[in-house]
Number of protein chains: 2
Amino acid sequence: MTRIVDVARRAGVSTATVSRVLNGKSVRPELVAAVRAAVDELDYVPDRTARSLRRRSSDVVALVLPDVENPFFTAVARGVEDVAQEAGFSVVLCNTDDDPAKEARYLAVAEHENMAGVVIAAASASPALAGLLARRRAVVAVDRAVPDAVDQVTFDNVALGRRAAGLLVERGFRRIACVTGPRATTTAVDRATGWRLALDDAGLVPSDDLLVHANFRVDGGYAATSELLARPTAPDAVLATNNLVGVGALRAVADRHLDLAASGAAGGTSVGVGIVGDLPFATSRTDDVALVPLSPRGLGTTAARMLLERLDGLDVAPRRVVQDGAAPPGGTSAGLHL
Amino acid sequence: MTRIVDVARRAGVSTATVSRVLNGKSVRPELVAAVRAAVDELDYVPDRTARSLRRRSSDVVALVLPDVENPFFTAVARGVEDVAQEAGFSVVLCNTDDDPAKEARYLAVAEHENMAGVVIAAASASPALAGLLARRRAVVAVDRAVPDAVDQVTFDNVALGRRAAGLLVERGFRRIACVTGPRATTTAVDRATGWRLALDDAGLVPSDDLLVHANFRVDGGYAATSELLARPTAPDAVLATNNLVGVGALRAVADRHLDLAASGAAGGTSVGVGIVGDLPFATSRTDDVALVPLSPRGLGTTAARMLLERLDGLDVAPRRVVQDGAAPPGGTSAGLHL
DNA sequence: CCGTTAGCAGTAATCGATTACACATGGACG
DNA sequence: CGTCCATGTGTAATCGATTACTGCTAACGG
């Protein structure tokens, strides 16, 4: 394998000079040329392991996600990757399966691999960030808030839930159930709170038995919706607070041979569905679904930009960005609302 | 940060002994105990960067995928991760976007980060593996065959296409179109070949204008299917050769307000759909879809197991495993058919 | 009883790049 | 004309763990 000394010898300079050329420090032009030539001839690429050992930081950022099979999170990943890639960082994706232990393990790896930074959608209410923070590594929490003093990018989940439920109200539904995620997941709880507020706004009763906590996956949404629809006094609409639960809800409706109701005026063989999130792989028309689209990719790009700013040495108090569901702001500094 | 010398001092031994204890080489029991105690007291975790520099290999494996937003590949990722994790490796996911340049970049990173091995679903017909192979790194190709002499795990794509088209034939469809991926993608071409064979088997004519090459994504399937259905003499069924194209096809059918036909007996307002692959996020009933389910996760576990065997020093000729669409074989040695 | 060998532990070299420090050169300026 | 400073280059230390090599001890055989 070609090492830096090989290049140095070939170019007739010291390894220090080679390193300086490669890292853009000022070096006499003819030496730069000689080094460049030697690098080309030898096909030299620096060993990143050695580099990170010395620099005490690699150019890899970890993206720690609860579920890489959820299109929401893969979209976040795309966003992070686009920005990081652009800046010369590689992104490694770590799947925690919503398991705090797996999460802790990955965070430890990120720490001891000397990764440049971490973007995390936390599985646990309080992820094990202590080690990383002690080493002053850049950390950005995305989608789910964490108690630590780190940059955070989230949606306004209460507003999202409220908006989605509001859409159903506008369409004339009166008995609107809500299927949300586990009580321990803040996004799930907040969106349910939004649902409650929307019903209050409309003078409807957000009765407790219309709120179901399921898991945040397809099977959870399916089971919860099936149960709701099987009740003697079934709801006339169901609000799913995330994409997968929404998929489950739609499938439950289809399996019961019910129609999707566009409005509350329809009869008893149809039911309305609202979803906070997107349906990238829907196999049916979704015109009649009250969708509140999100921009997980935007969440990812914003988080990545914040991370890069930290890596650039930005040293201000942790920032908290609340993104709307709409397309993300472009522009400099991630369009951060500080 | 605690280093190995700190532990050594605390335990009253040399760094070599600490290293040996941590790596399970034989050391006198009382020293083992002393080292263990020191490690615990100091919360010592070895720096993986230094370790990989010295060992010339890290315990990270790269998983290079064309599209992390495709549920097929995320399922592969899950499979790889499950197995690798179990064996103490971390998996980093690299998204190539089906772009050979991005792919080459990631492969170079894997090489120069001294990653233990690479599992790749190739974007290009001939991915840039030369560097990795020169360094004798373990490489396993998954889903898509590559020309290089490396282990490969694929499906029997001709058989899959044939089976799926066969299902449609059995159900009585006569004019079966095929929407497949780009000509450069072997899986796309092979499954289309299977379609052709099934039609031949049945004495039907696999007319060339019933075969459409689209991209392998939802929009490709949607556009191609829409076009087919708009023809004066539309097909009575469409075979989609992967999951995303299948989603697109179903949506095209729904958008044209056509019904899904369970059999060829139905009238002109319905059309049959066959899909090679799964629909994890279907929002409708899929009973009437002729599905040939795959086991991408099994593909991933098999690939990972093969990789681990290579990392364990297995030094035999490259193996070629062709998996059926069915559930993957469990058992030792990845149930490899050598 | 001595030589051989096996087993264990310590010292120091090593992995490959970055960078602190020392030094050389040349120009500016008093 | 000498001093100072800026700029550029080389030497060698450094990052932290692993491991080749060396040497010690003890057991065992002849």
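Any value given below was found using the heavy atoms of this structure, including those in side chains, with hydrogens, waters and symmetry copies removed. Numbers restart at 1 for each chain; the letters A, B, ... are given by sequence-line order, proteins then strands.
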Quiz item: Are the charged groups of B:Arg297 and B:Asp82 less than 4.0 angstrom apart, N to O?
Solution: yes
Applying salt bridge (charged side-chain N to carboxylate O under 4.0 Å, His left out), can you list everything that pairs with [X], at least two apart in sequence or on another chain?
X        : answer
B:Arg55  : none
B:Arg144 : B:Asp98
A:Arg9   : A:Asp6

Quiz prompt | Any residue meeting side-chain contact (heavy atoms from CB on, under 4.5 Å) with B:Ala104, in chain and number order, not counting sequence neighbours | solution = B:Ala128
Quiz prompt | Protein-to-nucleotide contact annotation, 5' to 3' order, nucleotides 22-28 of chain D [B base; S sugar-phosphate only; - none; under 4.0 Å, heavy atom] | solution = -------
Quiz item: Are any side-chain N or O atoms of B:Arg137 and backbone N or O atoms of B:Val118, one a donor and one an acceptor, separated by less than 3.5 Å?
Solution: no
Between the protein and nucleotides 9-17 of chain D, which nitrogen or oxygen pairs come in under 3.5 angstrom?
unit_1, atom_1, unit_2, atom_2, d
D:dT9, OP1, A:Arg28, N, 3.4
D:dT9, OP1, A:Arg28, NH1, 3.1
D:dT9, OP2, A:Arg28, N, 2.9
D:dG10, OP2, A:Ser14, N, 3.1
D:dG10, OP2, A:Ser14, OG, 3.1
D:dG10, OP2, A:Thr17, OG1, 2.6
D:dG10, N7, A:Arg20, NH2, 2.8
D:dT14, O2, A:Arg54, NH1, 2.8
D:dC15, O3', A:Arg56, NH1, 2.5
D:dG16, OP1, A:Arg56, NH1, 3.2
D:dG16, OP1, A:Arg56, NH2, 2.5
D:dG16, N2, B:Ala50, O, 3.4
D:dA17, OP1, B:Tyr44, OH, 2.6
D:dA17, OP1, B:Asp47, N, 3.3
D:dA17, OP2, B:Ile4, N, 2.4
D:dA17, O5', B:Tyr44, OH, 3.2

Quiz prompt | Atom pair CZ (B:Arg51) and OG (B:Ser58), whose distance is rounded to the nearest 0.5 Å | solution = 10.5 Å
Exercise. Check whether any side-chain N or O of B:Lys25 sits under 4.0 Å from OP1 or OP2 of C:dG7, and answer yes or no.
Key: no
Quiz prompt | Side-chain donor-acceptor contact under 3.5 Å, B:Thr49 with A:Glu113 | solution = no
